[in-house]
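Data block below; observations after.
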Amino acid sequence: MNHHPAEETEQNKEADIHAQVPGQEHTDGGTLADTIHAAHLETKRKVAVRVRVTQLLILVISLGVWEAAGRLKWIDVLLFSYPSKVFVLLASKIADGSIFPHTGYTVYETVVGFVLGTLFGTALAMLLWWSPFLSRVLDPYIVVLNSMPKVALGPLFIVGFGPGVLSIIATTLSITVIITTLVVYGSFKEVDDNYVKVVRIFGGSRGEVFRKVILPASFPTIVATLKANVGLAWVGVIVGEFLVSKMGLGYLIVYGFQVFNFTLVIASLVVIAIVATFMYQAVVYLENILMSRR
């Protein structure tokens with residue numbers, strides 16, 4: 001049977017494309033797109049494995065150097081301790097259960113400050129976007145509040161809310177709310193006006209513009225703000241516990257400093273780092289959900 005020249009050309013092109021994907025054989029049920037996608041996923045998996053291995057090596061090497069420096073007296077052990085000593089102290093605190101009330105107290109304050117700070121900041125950003133007049137009125141006040149040292153407000157919160165959880169959460173909110181408002185409101189303003197015009201042309205209300213254009217377009221910025229607020233919430237809580245608390249990881253840090261037990265200080269920092277990592281991973285999980293529904 002004779003083949004048309006154009007058909008032969010197309011067959012040759014397809015054979016060339018298949019040959020460009022080395023190590024992949026096509027079955028009757030497979031397609032070129034499936035093969036390329038599988039190769040892409042495999043490449044991403046290998047890169048992820050290399051990243052994790054490199055991260056683990058950095059951690060192990062850093063701890064090893066720190067351990068050797070402490071045991072060989074290259075550093076002042078009284079001040080910097082070393083990993084095995086820190087882990088022994090942590091193990092003893094876990095065994096007698098004394099670390100859990102302090103950790104739970106601090107985590108509760110941090111989560112509350114983190115959630116409320118993000119919600120209040122985002123709500124205030126929405127209000128400023130909704131009312132340009134209010135935005136212009138409040139703009140200088142927000143700038144001034146953002147420039148103030150938040151630690152200096154601690155004594156005011158202690159007097160106003162008492163030496164307890166409320167004053168610590170208030171200190172945390174003073175840090176997270178303003179930052180969240182500025183960043184999220186800035187993201188709202190940067191959304192392409194052409195998208196807004198399209199919704200308006202089809203009769204969309206201001207609320208529909210916000211729900212269908214402004215908010216979805218700002219999801220990446222909101223998630224980035226959540227990640228930043230994890231660290232800011234910890235800063236606010238630890239500072240608040242420095243000032244007033246008789247419980248919590250911040251209290252343990254201050255107590256360890258007062259009695260020159262710097263191993264306790266570092267152990268408390270290790271616990272903070274572990275819990276903060278879990279919080280950050282929770283935000284990453286939330287990010288994946290939001291991006292999949294965007």
Nearest 0.5 Å please: distance from the [atom1] atom of [X] over to the [atom2] atom of [Y].
X: Leu134; Y: Asp139; atom1: CG; atom2: CG; result: 11.0 Å
X: Ile169; Y: Ser174; atom1: CD1; atom2: OG; result: 12.0 Å
X: Ile289; Y: Tyr285; atom1: CD1; atom2: OH; result: 4.0 Å
X: Leu269; Y: Leu264; atom1: CG; atom2: CG; result: 9.5 Å
X: Leu89; Y: Lys85; atom1: CG; atom2: NZ; result: 9.0 Å
X: Phe219; Y: Leu286; atom1: CZ; atom2: CG; result: 9.5 Å

Check your understanding: His102 vs Tyr251 aromatic rings, parallel, tilted or perpendicular, using cut-offs 30° and 60°?
Key ->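 Answer is parallel, since the angle falls under 30°.
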
Just wondering, do [Y] and [X] contact through their side chains at under 4.5 Å, heavy atoms?
X: Met279; Y: Thr110; result: yes
X: Ile253; Y: Ile272; result: yes
X: Arg45; Y: Leu41; result: no
X: Trp129; Y: Tyr185; result: yes
X: Arg200; Y: Val209; result: yes
X: Ile142; Y: Leu128; result: yes
X: Tyr195; Y: Lys212; result: no
X: Val165; Y: Tyr105; result: yes

Practice item. Carefully, step by step, assess Leu215 and Ile222 under the rule side-chain contact (heavy atoms from CB on, under 4.5 Å). Key: CA-CA 9 Å; Leu215 188 59; Ile222 293 175; 3.9 Å; yes

Point to revise | Residue pair Ser84 / Glu67, side-chain donor-acceptor N/O under 3.5 Å | key: yes

Specify the closest pair of heavy atoms between [X] and [Y], including all atoms of both residues, with the distance to one decimal.
X: Ser81; Y: Ile266; answer: CB-CD1, 4.0 Å
X: Val191; Y: Ala217; answer: CG2-CB, 3.9 Å
X: Thr176; Y: Gly117; answer: OG1-CA, 3.3 Å
X: Val270; Y: Leu90; answer: CG1-CD1, 4.0 Å
X: Gly236; Y: Ile175; answer: CA-CD1, 3.6 Å

Would you check if the side chain of [X] reaches a backbone N or O of [Y] as a donor-acceptor pair within less than 3.5 Å?
X: Ser218; Y: Ile214; answer: yes
X: Ser98; Y: Ile94; answer: no
X: Trp130; Y: Phe210; answer: no
X: Thr106; Y: Leu249; answer: yes
X: Ser135; Y: Ser131; answer: no

I'd like to know if [Y] and [X] are part of one continuous hydrophobic network [Ile/Leu/Val/Met/Phe/Trp/Tyr, side-chain heavy atoms within less than 4.5 Å].
X: Phe278; Y: Ile238; result: yes
X: Trp66; Y: Ile61; result: no
X: Val77; Y: Leu79; result: yes
X: Ile75; Y: Leu78; result: no
X: Phe114; Y: Tyr280; result: no

Point to revise | Check: Phe257 ring centroid to Tyr255 ring centroid under 6.0 Å | key: no

**Study point:** Neighbour count above 12 (heavy atom, 6.0 Å) for Phe120 CZ
**Key:** no

Study note, to complete from the structure: In short, side chain to side chain donor-acceptor pair (under 3.5 Å) pairs touching residues 221-240 with sequence neighbours left out are Thr118-Asn229, Thr180-Asn229, Ser187-Thr221, Lys227-Glu287

Check your understanding: Between Phe242, Phe157, Phe161, which is the residue that forms a side-chain contact (heavy atoms from CB on, under 4.5 Å) with Thr171?
Key ->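 Option passing the side-chain contact (heavy atoms from CB on, under 4.5 Å) with Thr171: Phe157.
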
